Amino acid sequence: MAHTYARLRGMLDDELVAEHDRHAQTTTIGLSSLRDELARREHARDTKLMINLTKQMRNMTVAVLVLTGVVTVATIMNLYVFYQSL
């Protein structure tokens with residue numbers, strides 16, 4: 001018997017695993033199941049990679065922000081020294 005979408009969404013992970021294992025004992029596996037699992041794993045790897053890249057971009061953005069502040073302060077100090085010498 002198939003579960004409704006709402007029922008599947010409401011099931012805990014452990015319940016889903018138990019349900020899968022129960023059906024797997026009497027069901028022959030098809031190639032689509034293997035392809036789906038490979039696609040899921042690839043998606044998980046891609047998601048992890050994107051999260052890491054996003055963290056790196058955030059870190060670089062913070063570095064650029066800090067360096068921009070340093071350059072701004074240095075420019076203001078340079079202008080002050082220049083105009084003091086006139």
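All residue numbers refer to positions in the sequence shown, counting from 1. Worth knowing before you read on, the calculation uses all heavy atoms, side chains too, and leaves out hydrogens, waters and symmetry mates. None of the values given here were measured: they were computed from a predicted structure.
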Run through the side-chain heavy atoms of Ile, Leu, Val, Met, Phe, Trp and Tyr, join any pair under 4.5 Å, and report what else lands in [X]'s cluster.
| X | answer |
| --- | --- |
| Val17 | none |
| Leu8 | Met11, Leu16 |
| Met50 | Leu49, Leu53 |

Contacts of [X] that satisfy side chain to side chain contact (heavy atoms under 4.5 Å, CB included) - sequence neighbours left out:
| X | value |
| --- | --- |
| Ser32 | Arg35 |
| Thr28 | none |
| Ile76 | Thr72 |
| Tyr5 | Arg9 |

Non-hydrogen side-chain atoms of Glu15 and Leu12 separated by less than 4.5 Å: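 Glu15 reaches Leu12 side chain to side chain.
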
Residue pairs passing the salt bridge (charged side-chain N to carboxylate O under 4.0 Å, His left out) test where at least one lies in residues 74-86, sequence neighbours excluded: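 Qualifying pairs: none.
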
Salt bridge (charged side-chain N to carboxylate O under 4.0 Å, His left out): pairs with one or both residues in residues 21-34, sequence neighbours excluded: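 Sorted result for residues 21-34: Glu19-Arg22.
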
Within residues 36-53 or reaching into it, pairs that qualify as side-chain hydrogen bond (donor to acceptor under 3.5 Å, both in side chains) - sequence neighbours excluded: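 Counting only pairs at least two positions apart or across chains, the side-chain hydrogen bond (donor to acceptor under 3.5 Å, both in side chains) contacts touching residues 36-53 are Glu37-Arg40, Glu37-Arg41, His43-Thr47.
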
Hydrophobic cluster membership, Leu86 vs Tyr80, 4.5 Å side-chain cutoff: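 Different hydrophobic clusters.
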
OG1 on Thr75 to CZ on Phe82, rounded to 0.5 Å: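 Answer rounded to 0.5 Å: 13.5 Å.
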
Sequence-distant partners of Arg7, salt bridge (charged side-chain N to carboxylate O under 4.0 Å, His left out), two or more places apart: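 For Arg7, no residue satisfies salt bridge (charged side-chain N to carboxylate O under 4.0 Å, His left out) once neighbours in sequence are set aside.
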
